[in-house]
Amino acid sequence: MPEGHTLHRLAGSLNGAFAGTVPTLSSPQGRFADGAAYLSGRELHEAAAWGKHLFVEFAGEAHLHVHLGLIGAFDVTAYSARGGDDEGYAAGSPGGALPPPVGAVRLRIATGTHVADLRGATVCEVATTQEVDAVIARLGPDPLRADADPDRAWRRIVKSPRSIADLLMDQAVLAGVGNVYRSEILFRHRVDPWRPGRDIRPVTWRALWRDLLLLMPIGVQLGQIITMSDQVETVLAGDFDPAAVPTSPTGVSAWRPNPHGALERRYYVYKRQGEPCRVCGSRVRMAEVAGRNLYWCGRCQRRR
DNA sequence: AGGTGATGGTCAC
DNA sequence: TGACCCTCACCTG
């Protein structure tokens, strides 16, 4: 699942595979048949991510709007025998034949060398420029976009009685952070997840934002959420070669564990309820906040 | 073979 | 707050 890093990585993969080409779009599963036909045969200009939304612009101001939801996946694969290993994509089926769709493929984008299959998305629709702009206008700043303004999020946070754990998951406040980054970022700064936004100190918010600016690009680069300091250090030191990380068996399904070469999947608190805190040994807790399970250490993250 | 959960979000009440 | 949507890996038996 896709938090913001998945979508930004996906935009890059789609651009590498399709930008400037005129792909064929289809809906093997059938539920996006009309939209695929409408977009098919147009030049694909550019894919871009805003928070957890993906937009792909085609010629004629026609856009594809995708939201992967909780379980969606968009796999980008090089399949031609000749191009199988180029551009960092997983090698496709030998022989250069377009592989048949597997499972419920809502949308397939294909050229002679690359294919992208979308499954399980909650949103897959054709959109006008105005509709794209309307979606973007609803979103808070996205730490993965260079022009993001953290003050815009801060103005919402500082006047809110809602908990910081609730606010971090609100895409209108901050776009792209999901349930893993939420729990982990709060732990990294020892912030009490139940503290109301209006009681968060400016220095704390600046630290959280700065940390997202560090962590999320690593997530984009590796296709994996890295939050533990030793792993962050490993990546920053260059000891870890992202090129050694396969984008997946079939491309960019970033939330699926990388089968080989990935850093060990290890977090401070996420999904560790009942286990000892890695810092103080206290039992990691879990509670539902904003409809999702929040994980935190009740001892480390107190009164801050 | 069947049940469940998962890094998300929307809509009705 | 709860129902519901989407797909598939990973349990259970």
Side-chain angles (χ1 to χ4, degrees), chain A residues 1-10 27-32 35 49-54 65-75 101-108 116-125 127 131 134-136 138-140 142-144 162-163 165-188 193 212 215-220 222-228 231 247-259 262-263 265-273 286-296:
Chain A
M1 158 338 271
E3 300 194 24
H5 70 293
T6 302
L7 280 298
H8 283 266
R9 180 178 170 85
L10 174 57
S27 179
Q29 170 225 45
R31 289 186 46 193
F32 189 59
W50 291 77
K52 298 169 188 169
H53 293 260
L54 175 76
H65 174 208
V66 169
H67 194 294
L68 295 178
L70 186 57
I71 59 177
F74 209 160
D75 298 331
V102 175
V105 176
R106 175 101 47 95
L107 167 66
R108 162 165 281 196
D117 284 341
L118 173 68
R119 298 177 183 79
T122 51
V123 174
C124 175
E125 63 185 13
E131 289 166 336
V135 172
I136 293 170
R138 295 200 314 262
L139 299 174
D142 176 351
L144 285 171
R162 294 158 59 198
S163 70
D166 188 0
L167 289 163
L168 288 181
M169 285 289 278
D170 185 339
Q171 301 298 296
V173 173
L174 185 64
V177 168
N179 207 26
V180 178
Y181 279 124
R182 165 174 77 165
S183 289
E184 293 289 294
I185 199 89
L186 289 173
F187 180 87
R188 278 171 63 89
L212 290 171
L215 297 180
M216 295 187 76
I218 292 174
V220 175
L222 269 58
Q224 185 184 354
I225 295 176
I226 301 296
T227 62
M228 293 196 59
Q231 294 187 323
T247 50
S248 91
T250 55
V252 180
S253 283
W255 62 275
R256 290 183 191 142
N258 281 309
L263 289 176
R265 186 180 156 99
R266 174 154 58 78
Y267 302 115
Y268 285 110
V269 289
Y270 177 72
K271 275 209 166 169
R272 295 192 64 244
Q273 72 275 19
M286 177 179 86
E288 196 172 303
V289 178
R292 324 284 316 183
N293 287 327
L294 166 75
Y295 305 85
W296 82 104

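Every value quoted in this text rests on a predicted model; they were computed, and no experiment measured them.
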Under 4.0 Å between any heavy atoms, over every strand shown, what does Gln29(A) touch: base, sugar-phosphate, or nothing? Just pick one.
-> sugar-phosphate
Of all residues at least two apart in sequence or in a different chain, which pass the side chain to side chain donor-acceptor pair (under 3.5 Å) check with His65(A)?
-> His53(A), Glu125(A)
Report yes if at least one side-chain N or O of Arg106(A) is closer than 4.0 Å to OP1 or OP2 of dC6(C); otherwise report no.
-> no
To the nearest Å, how far apart are Asn293(A) CG and dT4(B) P?
-> 16 Å
For nucleotides dG13(C) and dG5(B), find the distance between their P atoms and express it as a whole number of Å.
-> 14 Å
Listed by chain and number, what are the salt bridge (charged side-chain N to carboxylate O under 4.0 Å, His left out) partners of Arg162(A), not counting sequence neighbours?
-> Asp166(A), Asp170(A)
Can you list the residues that meet the salt bridge (charged side-chain N to carboxylate O under 4.0 Å, His left out) rule with Arg292(A), with sequence neighbours excluded?
-> none
Flag, side chain of Arg182(A) to backbone of Pro193(A), donor-acceptor distance under 3.5 Å | no
Distance test, side-chain N/O of Tyr270(A) to OP1/OP2 of dT7(B), below 4.0 Å = yes
Short side-chain N/O contact from Arg292(A) to OP1 or OP2 of dA6(B), under 4.0 Å | no
Counting only side-chain N and O atoms of Arg138(A), is one of them less than 4.0 Å from OP1 or OP2 of dT10(B)?
-> yes
Counting only side-chain N and O atoms of Lys52(A), is one of them less than 4.0 Å from OP1 or OP2 of dG9(B)?
-> yes
Give Gly120(A) one of three labels, base, sugar-phosphate or nothing, depending on what nucleic acid heavy atoms sit under 4.0 Å from its own.
-> base
Would you tell me if any nitrogen or oxygen in the side chain of Lys271(A) comes within less than 4.0 Å of OP1 or OP2 on dA6(B)?
-> yes
Think Arg182(A) has a side-chain N or O under 4.0 angstrom from the OP1 or OP2 of dT7(B)?
-> no
May I have the distance from Leu70(A) (atom CG) to dG9(B) (atom C1'), rounded to whole angstrom?
-> 9 Å
Taking dC6(C), dG8(B), dA6(B) as options, the one with an atom nearest any side-chain atom of Glu3(A) is dG8(B)
Have a look at Gly291(A) and say if it touches a base, only the backbone sugar-phosphate, or nothing, with a 4.0 Å heavy-atom cut-off.
-> nothing
Give a yes/no on whether any side-chain N or O of Gln171(A) is located under 4.0 angstrom from OP1 or OP2 of dG9(B).
-> yes
Does Arg272(A) use its side chain to pair, donor to acceptor, with the backbone of Tyr268(A) at less than 3.5 Å?
-> yes
Whole Å only: how far is the CG atom of Leu10(A) from the C1' atom of dT7(B)?
-> 15 Å
All salt bridge (charged side-chain N to carboxylate O under 4.0 Å, His left out) counterparts of Arg138(A), not counting sequence neighbours | none
Asp142(A) meets the salt bridge (charged side-chain N to carboxylate O under 4.0 Å, His left out) criterion, sequence neighbours left out, with none
State the dot-bracket string of DNA chain B. Criteria: Watson-Crick or G-U wobble, both atom distances under 3.5 angstrom; notation: ( ) intrastrand, [ ] crossing earlier pairs, | interstrand, . unpaired.
-> ||||||.|||||.
For atom CZ of Arg265(A) and atom C1' of dA6(B), their distance in whole Å = 10 Å
Leu68(A) atom CG is separated from dT10(B) atom P, nearest whole Å, by 14 Å
Looking only at atom P, what distance separates dC4(C) and dT4(B), rounded to whole Å?
-> 15 Å
Figure out the CD1/C1' separation between Ile71(A) and dT7(B), and round it to whole Å.
-> 12 Å
Val269(A) backbone acceptor or donor facing Glu184(A) side chain under 3.5 Å | yes
Leu139(A) CG to dG8(B) P, in whole Å, measures 14 Å
Whole angstrom is fine here: how far is it from CD in Glu288(A) over to P in dG5(B)?
-> 12 Å
